[in-house]
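Contents: one structure, followed by commentary.
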2 protein chains.
Amino acid sequence: MDLSIGALSRQVAVKVPTIRYYEQIGLLPAPPRTAGRQRRYGAEDVARLSFIRHARDLGFDVEAIRELLSLTARPDQPCEPADRIVLRHLDSVERRIAQLTLLRSELRHMLEDCRHGPVRECRIIQVLADHDQCRHEHGKVS
Amino acid sequence: MDLSIGALSRQVAVKVPTIRYYEQIGLLPAPPRTAGRQRRYGAEDVARLSFIRHARDLGFDVEAIRELLSLTARPDQPCEPADRIVLRHLDSVERRIAQLTLLRSELRHMLEDCRHGPVRECRIIQVLADHDQCRHEHGKVS
DNA sequence: CTACAATCTCCAGCCACTAGAGGTTCAAGA
DNA sequence: TCTTGAACCTCTAGTGGCTGGAGATTGTAG
């Protein structure tokens, strides 16, 4: 176990610049270097980076991952904080799904209403120009 | 009709810096100015900015809005391009909903499995540390 | 020993804003 | 007419989470 950054990248499926970025923001510790200043990683780095990648895949932001990682360093403490972090994230995912579901129905209605004539008669354009014609209100989607 | 940027902002519910930003990126035309170089807007600007805001609320990106706006300038042309833009957006919304729905179920399972003991035994942490323990595969969520 | 792939650092760009500094102008009230 | 202060101006930098490129250096296989 003495991986170059490229080998680590292939092993964990995280791009090389992303690994350097994680080091820069303090998610990954700065590894030892060769005489020529190239990074060399060990098994712990593989585990930590995998953890980070899985958490990112699940949509956790860097701050949440930082907190989750700090929990793994204290295995005797209760895991409620982890619970809270996941719950918070689940909440935001659910809110996002609700928004997007509303959005989807608006978009579908727009497509249904479209008469496929000239732009002048296009309901899509009309709805955008005068929002009150649309069926539902909804918040910003970001 | 001769609105200051602040009046336009209140009328359309778009923040002042955002209006200037839209001008900068060419979504809004540069309006006439007073002798003291302050912007003054007319009814056309209200309509155009409303259009932009509604489209943004529906999650269209700036490029799509640019295309939609250019269609409104040619009311005799067919509206198929608008159709295509909406369809493309609907597609991406649906893909996003599918991703997030998968994600939601993963997060729910994580919470169900949590034993509320010490971190050492926490399934949440374990799943993150060793992703193969999780029930489903899923793509990146962004 | 020579290629050349991989690595290094540093900087810029992505999206769609948002915030702040530091200065100027407008409009209402005295 | 003058004063005040809210609103406006430009310019720059920051957000999150990377991603890509330039130009220089290092590691390694043949």
Side-chain angles (χ1 to χ4, degrees), chain A residues 2-28 30-41 45 49 51-69 88-89 92-93 96 99 139-142, chain B residues 2-28 30-41 45 49 51-69 88-89 92-93 96 99 139-142:
Chain A
D2 200 34
L3 302 171
S4 72
I5 196 168
L8 177 62
S9 166
R10 281 185 296 277
Q11 182 117 46
V12 185
V14 172
K15 288 178 185 161
V16 168
T18 305
I19 297 173
R20 286 196 277 250
Y21 169 72
Y22 287 160
E23 179 182 328
Q24 195 191 310
I25 63 172
L27 267 195
L28 277 180
R33 306 276 188 129
T34 64
R37 304 186 42 72
Q38 295 196 1
R39 293 167 177 84
R40 287 300 177 264
Y41 294 95
D45 299 305
L49 185 54
F51 188 103
I52 294 169
R53 183 175 116 74
H54 301 333
R56 285 294 300 134
D57 284 354
L58 288 169
F60 290 98
D61 63 23
V62 167
E63 256 322 288
I65 296 174
R66 231 184 269 280
E67 293 172 49
L68 288 169
L69 281 168
R88 192 183 354 135
H89 184 41
S92 83
V93 168
R96 192 103 183 84
Q99 276 182 337
K140 301 218 172 181
V141 163
S142 120
Chain B
D2 202 32
L3 302 171
S4 71
I5 197 168
L8 177 63
S9 166
R10 281 185 297 277
Q11 181 117 46
V12 185
V14 172
K15 288 178 185 161
V16 167
T18 305
I19 296 174
R20 285 196 277 250
Y21 169 72
Y22 287 159
E23 179 183 329
Q24 195 191 311
I25 63 172
L27 268 195
L28 276 180
R33 305 276 188 128
T34 64
R37 304 186 45 70
Q38 296 196 0
R39 294 167 178 83
R40 286 299 176 265
Y41 294 96
D45 298 305
L49 185 54
F51 188 102
I52 295 169
R53 183 175 115 75
H54 301 333
R56 286 294 300 135
D57 283 354
L58 288 169
F60 290 98
D61 63 23
V62 167
E63 256 322 288
I65 295 173
R66 229 184 270 279
E67 294 173 50
L68 289 168
L69 281 169
R88 198 190 339 143
H89 183 42
S92 83
V93 168
R96 192 102 183 85
Q99 276 182 337
K140 303 219 172 180
V141 161
S142 118

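What you see is a predicted model, and the numbers here were worked out from it, not measured in a lab. All chains are named by letter (A, B, ...) in the order of the sequence lines, taking the proteins before the strands, and each is independently numbered beginning at 1.
- Distance check: B:I5 CD1 to B:K15 NZ gives 14.0 Å after rounding to the nearest 0.5 Å.
- Computed from coordinates, the B:Y21 OH to D:dC9 P distance equals 18 Å when rounded to whole Å.
- Remark: A:T18 is in phosphate contact with D:dT19, judged by side-chain N or O atoms under 4.0 Å from OP1 or OP2.
- Contacts of B:R20 with the nucleic acid, taken as non-hydrogen atoms under 4.0 Å apart, include base atoms.
- Where A:I5 and B:P17 each meet DNA chain C at their nearest nucleotide, the meeting point lying more 5' is that of A:I5.
- To the nearest angstrom, P of D:dG27 lies 13 Å from CZ of A:R39.
- B:I25 comes within 4.0 angstrom of nothing in the nucleic acid, heavy atoms only.
- Counting non-hydrogen atoms under 4.0 angstrom, B:R33 reaches the backbone sugars and phosphates but no base.
- Using a 4.0 Å cut-off, no side-chain N or O of A:S4 falls inside it from OP1 or OP2 of D:dG27.
- For the pair B:T34 and C:dC26, the criterion of a side-chain N or O lying under 4.0 Å from OP1 or OP2 is met.
- Whole-Å rounding puts the B:E63 CD to C:dC14 P distance at 12 Å.
- As rounded to whole Å, 7 Å separates atom P of C:dT7 from atom CZ of A:R10.
- Judged by distance alone, the side chain of B:H89 and the main-chain N or O of B:L58 form a donor-acceptor pair under 3.5 Å.
- By the 4.0 Å N-to-carboxylate-O rule, A:E23 lies too far from A:R20 to be salt-bridged with it.
- Across the interface with DNA chain D, nearest-nucleotide mapping of B:R40 and A:V62 shows B:R40 to be the residue nearer the 5′ end.
- Atom CZ in A:R56 sits about 14 Å away from atom C1' in D:dT19, given to the nearest Å.
- Rounded to whole Å, atom P of D:dT26 lies 8 Å from atom CD of A:Q38.
- Within 4.0 Å (heavy atoms only), B:Y22 reaches sugar-phosphate atoms of the nucleic acid but no base atom.
- Between A:I19 atom CD1 and C:dT7 atom P the separation is 9 Å, expressed in whole Å.
- The separation between A:L3 atom CG and D:dG27 atom P is 16 Å, rounded to whole Å.
- Contact annotation: the side chain of A:L49 never approaches that of A:Y41 to less than 4.5 Å [non-hydrogen atoms, C-beta and beyond].
- Shown here for B:D2 and B:R40, the closest heavy-atom pair between the two residues is OD1-CB, 3.6 Å.
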